[in-house]
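Single-structure report; data block below.
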Protein chains: 2
Amino acid sequence: MTQTVSQLRPTAAELGILRALWDLGPSTVRQVQEAVSRDEPTGYTTVLKFLQIMHQKGLVERDESSRAHVYRARVTQQDTQRLMTSQLVDRLFDGSRSKLVLAALGDSGAATPEELAAIRAVLNDLERRSS
Amino acid sequence: MTQTVSQLRPTAAELGILRALWDLGPSTVRQVQEAVSRDEPTGYTTVLKFLQIMHQKGLVERDESSRAHVYRARVTQQDTQRLMTSQLVDRLFDGSRSKLVLAALGDSGAATPEELAAIRAVLNDLERRSS
DNA sequence: ACTTTCGTACGAAGTGCTTCGTTTTCGGCT
DNA sequence: AGCCGAAAACGAAGCACTTCGTACGAAAGT
């Protein structure tokens with residue numbers, strides 16, 4: 001049953017819970033439920049069930065020492081971003097990351113001047129590195 | 001039953017079929033099935049069923065004048081790219097497109113010099129536009 | 001006209017995702 | 001010790017997605 005976490009894709013609802021955990025850090029079910037419900041009202045046992053499933057899958061770990069178990073994300077936001085971005089690129093952009101970038105930037109109003117500067121910095125870095 | 005196509009999100013299997021249609025242009029079920037099966041072997045009636053469902057949803061249109069109906073994508077690849085990219089950004093990048101861009105570029109080996117140049121061009125364009 | 005072939009249409013089964021009601025367990029309080 | 005409130009565990013229902021078997025109809029060859 002052990003599975004490589006790095007290849008595990010969270011479902012839509014699981015992603016909502018991961019977002020709460022990334023935001024809050026280690027949390028009880030109740031805390032997660034309250035955070036998630038701000039976005040999308042969700043019952044307590046629903047959230048509990050997801051956390052149990054995710055624990056089984058290895059997406060989260062939990063500390064059972066207290067009466068109210070404390071859950072913590074076992075995948076980082078960055079890794080998940082990379083994974084899901086890769087999958088989108090594969091499925092929809094013919095495997096070309098830069099096509100995704102162009103699409104994301106192409107939509108007007110996408111970025112503030114500061115963000116553009118940050119992107120430019122990365123770009124400079126990449127070009128320096130490759131030469 | 002009429003629904004705005006621009007908000008319609010194709011499922012995983014539907015996306016595979018759309019990719020074939022984008023690639024081939026207007027095609028019969030058999031042609032789509034052959035193309036899709038190169039990636040992922042799929043039965044004829046399975047593909048037919050999907051095309052029927054997608055027709056119902058408005059994702060594709062069909063010409064029934066010949067015995068073998070001819071299907072054609074009703075959403076462009078670009079629109080779908082925009083839609084799904086937006087959703088990824090909302091769900092996983094706190095609504096910031098540039099975070100997605102940084103993540104996509106950050107992975108080394110992502111882009112060739114030509115691609116980087118193309119991105120830089122878009123960047124220049126954006127900055128000129130905003131000033 | 002008859003059979004074979006190829007296509008559409010339909011229904012339904014299998015699977016995974018989502019949600020929640022009910023039951024059980026645990027600690028604290030009296 | 002017994003009760004109460006909060007939490008965990010369990011089971012199942014509802015829904016969407018995926019897949020395919022079967023039936024039926026039309027065209028083409030003999």
Side-chain angles (χ1 to χ4, degrees), chain A residues 1 3 7-21 24 26-72 80 84 87 91-92, chain B residues 1 3 7-21 24 26-72 80 84 87 91-92:
Chain A
M1 248 298 288
Q3 173 140 12
Q7 297 184 340
L8 203 49
R9 197 162 94 112
T11 67
E14 286 170 351
L15 196 54
I17 288 181
L18 281 176
R19 293 212 303 170
L21 285 176
L24 302 172
S27 310
T28 63
V29 176
R30 171 96 26 219
Q31 290 169 320
V32 172
Q33 188 254 331
E34 277 162 6
V36 167
S37 293
R38 249 167 256 136
D39 250 325
E40 184 73 27
T42 310
Y44 177 87
T45 54
T46 302
V47 172
L48 170 64
K49 181 66 159 190
F50 276 124
L51 282 167
Q52 287 170 343
I53 290 171
M54 290 166 79
H55 179 239
Q56 246 229 316
K57 289 187 182 175
L59 281 172
V60 302
E61 61 191 2
R62 71 176 168 192
D63 174 354
E64 309 182 2
S65 61
S66 317
R67 170 130 151 68
H69 300 171
V70 174
Y71 289 85
R72 168 207 309 258
T80 306
M84 296 187 71
Q87 287 186 344
R91 297 189 145 298
L92 199 51
Chain B
M1 245 303 285
Q3 171 138 16
Q7 295 184 341
L8 202 51
R9 197 161 93 113
T11 67
E14 286 169 352
L15 197 53
I17 287 180
L18 281 176
R19 292 212 304 170
L21 284 177
L24 302 172
S27 310
T28 63
V29 175
R30 172 112 1 238
Q31 289 170 321
V32 172
Q33 187 256 333
E34 276 162 6
V36 165
S37 292
R38 250 167 256 136
D39 250 324
E40 185 72 27
T42 310
Y44 178 88
T45 55
T46 302
V47 172
L48 170 63
K49 181 68 160 189
F50 276 125
L51 283 167
Q52 286 168 345
I53 291 171
M54 292 167 78
H55 179 241
Q56 245 230 316
K57 291 186 180 176
L59 281 172
V60 301
E61 60 191 2
R62 70 176 169 192
D63 175 353
E64 309 183 1
S65 62
S66 317
R67 171 133 145 67
H69 299 171
V70 174
Y71 289 85
R72 168 205 310 256
T80 305
M84 295 189 72
Q87 288 187 342
R91 298 191 144 296
L92 200 51

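Each chain gets a letter, A, B and so on, in the order the sequences are listed, and its residues count up from 1. Please read these numbers as outputs of a predicted model, since none were measured by experiment.
- Distance B:Q33 CD to D:dT19 C1': 13 Å, rounded to the nearest Å.
- Considering only side-chain atoms of B:Q52, the nucleotide from C:dG21, D:dC17, C:dA9 that sits closest is C:dA9.
- Atom-to-atom, CD of B:Q31 to P of C:dC6 comes out at 15 Å; the value is rounded to the nearest Å.
- The CD1 atom of B:I53 sits 15 Å away from the P atom of C:dA12 (whole-angstrom rounding).
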(message) Base contacts versus sugar-phosphate-only contacts with protein, heavy atoms under 4.0 Å: please encode nucleotides 23-30 of chain C as B, S and - from 5' to 3'.
(response) ---BS---

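- The phosphate of D:dC20 has OP1 or OP2 within less than 4.0 Å of a side-chain N or O from B:T46.
- Applying the salt bridge (Lys or Arg N to Asp or Glu O under 4.0 Å) test to every pair with at least one member in residues 28-52 of chain A, sequence neighbours left out, gives these pairs: A:R19-A:D39.
- Not one side-chain nitrogen or oxygen of B:R30 sits closer than 4.0 Å to the OP1 or OP2 atom of C:dT5.
- In this structure, CG of B:D63 is placed 16 Å from P of C:dG7, rounded to the nearest angstrom.
- Mapping B:V70 and A:A13 onto DNA chain C by nearest heavy atom places B:V70 at the nucleotide closer to the 5' end.
- For the pair B:Q31 and B:Y71, the minimum side-chain heavy-atom distance is 4.5 Å or more.
- Listed nucleotides D:dC20, C:dA9, D:dA7 differ in distance to A:Y44; the shortest reach to its side chain belongs to D:dA7.
- Of the candidates D:dT18, C:dA9, D:dC17, D:dC17 carries the atom nearest the B:K57 side chain, counting heavy atoms from C-beta on.
- The CE-P distance, from A:M54 to C:dT18, rounds to 10 Å in whole Å.
- For A:K49 against C:dG21, no side-chain N or O and base N or O form a donor-acceptor pair under 3.5 Å.
- Nucleic acid contact class of B:T11 (heavy atoms, under 4.0 Å, all strands): sugar-phosphate only.
- In this structure, B:H55 places its NE2 atom 12 Å from P of C:dT8, rounding to the nearest Å.
- Listed nucleotides: D:dA9, D:dT18, D:dA7. Nearest to the side chain of A:A68: D:dA7.
- Of all heavy-atom pairs spanning B:L21 and B:R72, the tightest one is CD1-C, 4.2 Å.
- Distance A:L51 CG to D:dA7 P: 14 Å, rounded to the nearest Å.
- To the nearest 0.5 angstrom, A:L51 atom CG is 9.0 Å from A:L18 atom CG.
- When the C1' atom of D:dC17 is taken as reference, atom CZ of B:R9 falls 13 Å away, rounded to whole Å.
- Other residues, nucleotides and ligands contribute at most 12 non-hydrogen atoms within 6.0 Å of the CZ atom of B:R91.
- The backbone N or O of B:G43 sits nowhere less than 3.5 Å from a side-chain atom of B:Q33 that would complete a donor-acceptor pair.
- Of the possible donor and acceptor atoms, none in the side chain of B:T42 sits under 3.5 Å from a partner among the backbone N and O of B:S37.
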